[in-house]
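For ligands, and for the atoms within them, numbers begin at 1 and follow the listed sequence. Treat the numbers as computed from the prediction; the structure is a model and nothing was measured.
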Amino acid sequence: MKLWRGGHLATLAGDSGWGLIEDGALLVDDDGLLRWVGPSAEAPAADEVVELKGALVTPGLVDCHTHLVYGGNRADEFEQRLHGASYADIARAGGGIKSTVAATRAATEEQLLASATRRVLALMAEGVTTLEVKSGYGLNAATEARMLRVARRLEGLGVDVRTSYLAAHALPPEFGDADDYIAAVCLWLPELHGEGLVDAVDAFCENIAFSTAQVGRVFDAARRLGLPVKLHAEQLSDQGGAQLAASYRALSCDHLEHLSPAGIQAMAEAGTVAVLLPGAFYALRETRLPPLEALREAGVPIALATDHNPGSSPTLSPLLMMNMACVLFRMTPEEALRGLTVNGARALGLQDRGRLVAGQRADFCVWDGGHPRELAACFGHNPLIERVRKGSQGEA
Ligand code: DI6
Ligand code: FE
């Protein structure tokens with residue numbers, strides 16, 4: 001048993017509030033779980049003691065939406081957008097996701113692993129202890145499998161990885177018909193799942209991507225395998241994707257700038273998490289805000305993620321996402337931290353992390369700071385002192 005004491009803990013215990021414990025302590029057992037959390041003065045005895053010296057402690061960060069395995073980069077499209085082209089224009093002209101597909105197909109597994117490793121290390125350096133990685137830049141069985149294998153191998157860096165199969169991301173050039181492609185997407189899934197590569201199934205529901213009917217076929221294939229689903233929904237327009245996803249009891253719907261009241265209602269009833277992605281909103285200079293107040297009123301849990309991808313959100317900073325969520329979306333600093341911890345975990349179907357309470361995993365971050373709101377107030381600054389995963393130190 002190891003005791004960490006003398007920290008300013010933001011436990012997030014309970015459904016609201018920071019759950020602050022000033023001069024708090026955490027007792028970690030040999031299985032890497034939190035055995036006890038409370039005031040330092042009441043802490044049980046332990047074999048080993050670490051002094052936190054007044055530092056801020058929060059749960060480890062959970063980045064529940066990334067596309068961080070890919071080849072190439074899309075800085076050229078950044079320039080095109082600065083000259084007036086829209087994200088959808090570029091996609092329709094064969095750039096966008098399809099350009100990353102070409103670069104990813106051309107990359108070997110080792111090349112993909114090397115570039116993804118650099119990205120994951122950057123996320124870990126800001127306190128990420130669990131992250132999600134999507135496929136979706138392969139769009140054929142071999143390359144989707146390669147991406148997912150790389151995602152699994154990233155766990156070797158000392159971070160938990162959950163994978164999502166996102167073959168229904170764009171129509172690849174070798175298919176003329178989207179329905180034929182969806183049939184292939186459904187066919188590849190059981191094989192990839194059989195290889196242990198898939199934890200959840202995602203899709204891009206949009207007028208430049210797939211319809212609700214097509215997404216429904218992919219979700220049926222997921223359901224046959226008992227796999228949970230999530231959806232890129234209502235990012236650029238309202239397709240009714242949230243209602244469809246909720247009818248499959250989706251773990252999350254992500255983006256949601258164009259989410260309707262009916263979509264919110266359906267998500268609330270299904271317990272589906274709303275994952276907001278301010279990086280993409282910012283980079284695409286979107287003006288339509290996600291309906292934050294209505295989500296709050298309906299009691300939909302709200303998560304926050306980087307959406308790291310080479311096109312619409314090339315960021316590797318969860319802390320910047322906290323600041324952007326507050327400045328751009330008017331989330332509170334507490335909502336932002338919940339979004340990157342307990343609600344991010346929930347968007348991945350994980351109940352065992354995201355809070356500093358007994359029984360949860362001992363995944364936490366030690367920060368140079370006093371109050372947790374400081375994490376959201378600053379930007380372009382990384383105050384992480386130490387990252388602890390399953391009770392193991394020195395992972396910053
Ligand atoms: N929405 C996104 O934000 C990413 N995928 C999606 O469906 C962007 C993917 C890309 O532009 O490469
Ligand atoms: Fe995305």
Completion exercise
Checking heavy atoms under 4.0 Å, the part of Asp307 that sits near ligand 1 is side chain
Exercise for the section: Could you tell me whether Arg74 approaches ligand 1 through its side chain, its backbone, both or neither, with non-hydrogen atoms closer than 4.0 Å? Expected result: side chain
Could you list the atoms of ligand 1 found under 4.0 angstrom from a heavy atom of [X]?
X	answer
His67	4 (C), 5 (N)
Phe204	7 (O)
Ile97	9 (C), 10 (C), 11 (O), 12 (O)

Problem - By side-chain hydrogen bond (donor to acceptor under 3.5 Å, both in side chains) - contacts of Ser40 (at least two apart) - result: Asp23
Exercise for the section: Establish, from distance only, whether the side-chain atoms of Thr66 and Glu132 form a donor-acceptor pair under 3.5 Å. Expected result: no
Exercise for the section: Ignoring hydrogens and angles, state whether a donor on the side chain of Asp220 or Tyr248 is under 3.5 Å from an acceptor on the partner side chain. Expected result: yes
Practice task
On the 0 to 90° scale, with breaks at 30° and 60°, tag the Trp188-Tyr181 ring pair as parallel, tilted or perpendicular.
Solution key: perpendicular
Exercise for the section: Flag His65 as yes if one of its N/O/S atoms falls below 2.8 Å of the Fe ion (ligand 2), otherwise no. Expected result: yes
Handout entry: the Fe ion (ligand 2) to nearest N/O/S of Asp307 below 2.8 Å
Key = yes
For [atom], the protein heavy atom that lies nearest, with its residue and separation:
atom	answer
atom 5 (N) of ligand 1	His169 NE2, 2.8 Å
atom 9 (C) of ligand 1	Tyr137 OH, 3.3 Å
atom 2 (C) of ligand 1	His255 NE2, 3.5 Å
atom 1 (N) of ligand 1	Gln235 OE1, 3.1 Å
atom 8 (C) of ligand 1	Tyr87 OH, 3.2 Å

Practice task
Would you confirm whether Thr272, through its side chain, and Ala250, through its main-chain N or O, come within 3.5 Å as a donor-acceptor pair?
Solution key: yes
Problem - Proximity of His65 and His232 rings by center, below 6.0 Å - result: yes
Exercise for the section: Measure from NZ or CZ of Arg119 to the centre of the six-membered ring of Tyr70, then state whether that distance is under 6.0 Å and the direction lies within 45° of the axis. Expected result: yes
Please tabulate, one pair per line, all N/O donor-acceptor pairs under 3.5 Å involving side-chain atoms of residues 109-117, not counting sequence neighbours.
unit_1	atom_1	unit_2	atom_2	d
Glu109	OE1	Arg149	NE	3.0
Glu109	OE1	Arg149	NH2	3.3
Glu109	OE2	Arg153	NH1	2.9
Glu110	OE1	Arg153	NH2	3.4
Glu110	OE2	Arg153	NH1	2.9
Glu110	OE2	Arg153	NH2	3.3
Gln111	OE1	Thr108	N	2.9
Gln111	OE1	Thr108	OG1	3.4
Ser115	OG	Gln111	O	3.4
Ser115	OG	Leu112	O	3.3
Thr117	OG1	Leu113	O	2.6

Practice task
Return yes when Ser312 approaches ligand 1 closer than 4.0 angstrom through a heavy atom, no otherwise.
Solution key: yes
Handout entry: Val120 and Leu68, any side-chain heavy atoms less than 4.5 Å apart
Key = yes
Exercise for the section: Flag Thr100 as yes when one of its N or O atoms lies below 3.5 Å from any N or O atom of ligand 1, and as no otherwise. Expected result: no
